[in-house]
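All remarks here apply to the structure that follows.
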Amino acid sequence: MDAGHLEYYTRSKLSWQSQGDQLPHVKENIKEMGGWLERLQEIRHVASPWQQQAIDRIVPVAVEIASRTQAAIEHLNDNRDYLFAPTYTDHLSTIAERAGTLNDSAKTFVEYGKTQEKLDQLGEKLEIRAS
């Protein structure tokens, strides 16, 4: 949701203070997510193949979001009067787009896991061996 606000900023006339208030929220969310992703990487070796694939897809996207957020904060700190600089608006747009991608991927992997679990339960109930 925070990333969506950033996308809006690329088209708005909000002050640098308003934009500056939002970026730390995004950064804090990324920091929290980073802790979760770090833990997932630590236990990756015991995860199922689909879970390993989820980790492998999500981590690089999260790293890019973190990098772009830091770059946007630095731009805002250094260029408060230049809010429509192409590099700055590109950072904001990319953060929003990649956050959406990350969210969609995570939801799809969770859905896949639940579906796989249900299939396994049905297979056990029907005494079907996994292939």
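Here the structure is a predicted model, which means the values were calculated and not measured.
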Let me check something: any side-chain donor-acceptor pairs from residues 98-111 under 3.5 Å, sequence neighbours excluded? List them with distances.
unit_1 : atom_1 : unit_2 : atom_2 : d
Arg98  : NE     : Glu64  : OE1    : 2.9
Thr101 : OG1    : Glu97  : O      : 3.2
Thr101 : OG1    : Glu97  : OE2    : 3.1
Ser105 : OG     : Thr101 : O      : 3.1
Thr108 : OG1    : Asp104 : O      : 2.8

> Can you get from Val63 to Met33 by hopping between Ile, Leu, Val, Met, Phe, Trp and Tyr side chains that sit under 4.5 Å apart?
Replying inline: yes
Is the closest side-chain heavy-atom distance between Gln70 and Ile30 below 4.5 Å? no
* Side chain proximity check, Gln121 to Glu124, heavy atoms < 4.5 angstrom -> no
The single option from Asp78, Asn77, Asn79 that satisfies side-chain hydrogen bond (donor to acceptor under 3.5 Å, both in side chains) with His75 is Asn79
Heavy-atom nearest pair, Leu37 first then Ile58, reads CD2-CG2, 3.7 Å
Salt bridge (charged side-chain N to carboxylate O under 4.0 Å, His left out) filter on Glu42, not counting sequence neighbours, yields Arg39
Distance col, row Asp56:CG vs Gln41:CD, nearest 0.5 angstrom, shows 8.5 Å
Donor-acceptor pairs are to be reported for all side-chain atoms of residues 46-54 against protein atoms at under 3.5 Å, with residues two or more places apart or in another chain.
unit_1 : atom_1 : unit_2 : atom_2 : d
Ser48  : OG     : Trp50  : NE1    : 3.1
Ser48  : OG     : Gln51  : N      : 3.4
Ser48  : OG     : Gln51  : OE1    : 3.1
Gln51  : OE1    : Ser48  : N      : 2.9
Gln52  : NE2    : Arg44  : O      : 3.1
Gln52  : NE2    : Ala47  : O      : 3.3

